[in-house]
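Below is one structure, written out as structure tokens; the observations come after it.
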Amino acid sequence: MTAFIRPRLRKPLGIALAGTAFAAAWALRGGDAWQLSIAMEVTVLVSAITTYVRAGEDNDEGALAGSRADERQKLLSLRSRALGWNFAMVAAFIGVTAGVAVKATWWWPFLVILAVGAFAYLLGLSNYGVAEEGTADDADTSPQVRSPAS
Amino acid sequence: MRNRVREQRTQREMSQAELAAALGVSRQTVISIESGRYLPSLPLAFTIARFFGLTVDKMFDPDVEEAGT
């Protein structure tokens, strides 16, 4: 889907689009704090520009920011995201447990995060072939020759 | 696991950046492989071995443990 966008532009554009959407949502929300959306948009644009500049650097962070990572850098990113997911799940579990313990009304969003995380994990196992390992080549159903030892 | 990437590269008087470009990986990955901090995937191991005209088992010696591998 992003193949037509230059690799160096992909992440900065993603940051700009996601950040702009959030800033627009904040502005639409109205109220006294709508001006914050301007500060948010400025921060988002600075982040996008910073990411674009970093994407040109000759290091691991630059390769990841510039969407040109090789296998080691992709592995680093994957492991970091897995660590982030683990932290998010622990935080969500603490949140739902604390929320239930104090009879708060805000416990269920944490449960939603836990459920989404668990679903995504199972989806990953399914998509990435956990059930496609095949059968062992010695899993022959024909009559077995008895071992002399048995 | 010990490997002969640095030895082979220096024999050919190549820089890490030149080897990285030839292998299609980053300079940082060549540095990590040479220092034994990163074990390449099997396809990359074959690419490295073929580049230097060696077999994978000549390029990578599994009998020698290095810190960080």
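Below, read A as the first sequence line, B as the second, and so on, with proteins coming before strands; counting in each chain starts at 1.
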- Check each atom of B:P40 against the heavy atoms of chain A and say whether the ones under 4.5 Å are side chain, backbone, both or neither. both
- Item | A:R72 vs B:V25 side-chain heavy atoms within contact, under 4.5 Å | no
- No-hydrogen, no-angle side-chain donor-acceptor test under 3.5 Å, B:S26 and A:Q73: yes
- Item | Heavy-atom neighbours of B:F51 CZ exceed 12 at 6.0 Å | yes
- Considering the options A:L76, A:D60, A:D70, which one meets the side chain to side chain contact (heavy atoms under 4.5 Å, CB included) requirement together with B:Q28? A:D60
- Message: Going by the rule ring pair (Phe, Tyr, Trp, His ring centres under 6.0 Å), which residues pair with A:W85 if we only count those two or more places apart in sequence or in a different chain?
- Response: A:Y121
- Item | Over 12 non-hydrogen atoms of neighbours within 6.0 angstrom of CZ in B:R12 | yes
- Count the heavy atoms of every other residue, nucleotide or ligand shown that sit under 6.0 Å from CZ of A:R10, and state whether that count exceeds 12. yes
- Task: Just do the side chain to side chain contact (heavy atoms under 4.5 Å, CB included) check on B:L44 and A:E71 with the steps written out, would you?
- Result: CA-CA 9 Å; B:L44 181 55; A:E71 62 171 44; 3.3 Å; yes
- Query: Counting heavy atoms not belonging to A:R68, are there more than 12 under 6.0 Å from its CZ?
  - Reply: yes
